[in-house]
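Down below is the structure, laid out as structure tokens.
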Amino acid sequence: MKIIHPYVWLLITSLNCTSEKGNTQVLPADKNATAETVSLYNNLPKLASKGFMFGHQDDLAYGVEWKYKPGRSDVKDVTDDYPAVYGWEIGGIERENNPVNLDSVPFTKMTQFIKEAYARGAVITLSWHTDSPFSSPSGAWDTTHGAIASILPGAVNHDLYKSWLDKAANFIYTLKGSRGEAIPILFRPFHEHTGSWFWWGKNGNTTEEYKALWRFTIGYLQDQKKLHNLLWVYNTSGDFNSREEFLDRYPGDDVVDLLSFDAYQHGDPKTDKSFEVNTNKKLSIVAEIASSKNKPFAIGETGYEAIPDANWWTGTLMNVIGKNKISYVLLWRNHGFHQQMKRMHYYVPYKGQASADDFLKFYELPVTLFEKDIRDARIYQ
Ligand code: BMA
């Protein structure tokens, strides 16, 4: 038997806290996280030992052929069940008096959808395609270099950035459960940062600037805005090939709760297996890092636009995930026909869609967790 030195023992126990129920709980990055947030964080690995939660962006707001129909969801139309995870996007909240996000979803409706889903026991994650600080409202895709440097403390756009965080916090304050408790949120800001398509991306900013932005943001939202319901999701794009590359701009174990990356299927999976093989490899890299850091991990975004392959769910996505014990996989939004893109833009089947039967098979697999599978887990208690 290994003898543990008393000092090491003290260190181990001080990293954890003990709940009223006597269970040892792992604390998230926010040491003042609310009870529900701590419970969710501790339930993520428990759920991951059973399977992975299925998530969908904007699920309750619209589907391929509908908009704002109470209770409706393309996932539910096909499976008679709701997703276990809901992704919502707050891009646009930083604009002055702006009632809708960048995809025209009203923030008041978003609040309602989030409350509804939380009341049913689901998990909420938020992303933020924040405007560039240089020419608001220019969008997240203005990649003019030096954007991060311009919003760090002391820099020319710092007050502007703080005013954006104030607006985001005001929105997050509206997310309350029936007892007035703050709804826990998996917060995934500055996502796909290893790519070069967003202003916070790799090309236009140094590693140290990215880390400083992350650390300033978490500090401001926790200490100034008193938000204690956020779990912080670190997210890269799918372009890393090693532990070092994935962690290049990692801001630190003390400010990150979950690890994730985004990767999309392109090309025909029937003739080209590279997405499946490569994404599975990347997931294994992240799984190893997550295990060494004792943190849950996830696929932050994925999908095959318009899902032209009838077997993509069981034939490709299941192989991408493989044996990796991810917490969740989030499929991107079901916009329907996109006027600017001039093509269909959706990632989950609607009733009658080419991959709907396979999606049902995927749904029925014991490892895929939808709302009915997690309802009894009482993840917030
Ligand atoms: C992208 C597309 C865009 C959308 C953006 C933010 O992937 O879906 O149409 O504006 O995400 O949600």
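Start at 1 and go down the list; that is how both ligands and their atoms are numbered. We number each residue from 1, following the sequence as shown.
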Which residue and atom name correspond to the protein heavy atom nearest atom 3 (C) of ligand 1, and how close is it?
R333 NH2, 3.7 Å
Quick one: ring-ring contact (aromatic ring centres under 6.0 Å, His included) partners of W214, sequence neighbours excluded?
W232
Report the nearest protein non-hydrogen atom to atom 12 (O) of ligand 1: residue, atom name, distance rounded to 0.1 Å.
D103 OD2, 2.6 Å
State the atoms of ligand 1, each with its element, that fall below the 4.0 Å cut-off from a heavy-atom position in H129.
6 (C)
May I ask whether H335 places a heavy atom under 4.0 Å from ligand 1?
no
Side chain or backbone, does H345 bring an N or O within less than 3.5 Å of an N or O on ligand 1?
yes
Quick check: W332 with H56 (ring centres under 6.0 Å apart)?
no
Quick one: does Y347's side chain get under 4.5 Å of Q57's, heavy atoms only?
no
Check whether the ring centres of F190 and F198 lie less than 6.0 Å apart, and answer yes or no.
no
Ion pair D81/K76, N-O distance below 4.0 Å
no
If you take the centroid of each ring, where Trp contributes its six-membered ring, are Y234 and Y250 closer together than 6.0 Å?
yes
Minimum distance, heavy atoms only, to atom 5 (C) of ligand 1: which one of Y347, W141, Y264 is it?
W141
For atom 1 (C) of ligand 1, what's the nearest protein heavy-atom neighbour? Residue, atom name and distance, please.
W332 NE1, 3.6 Å
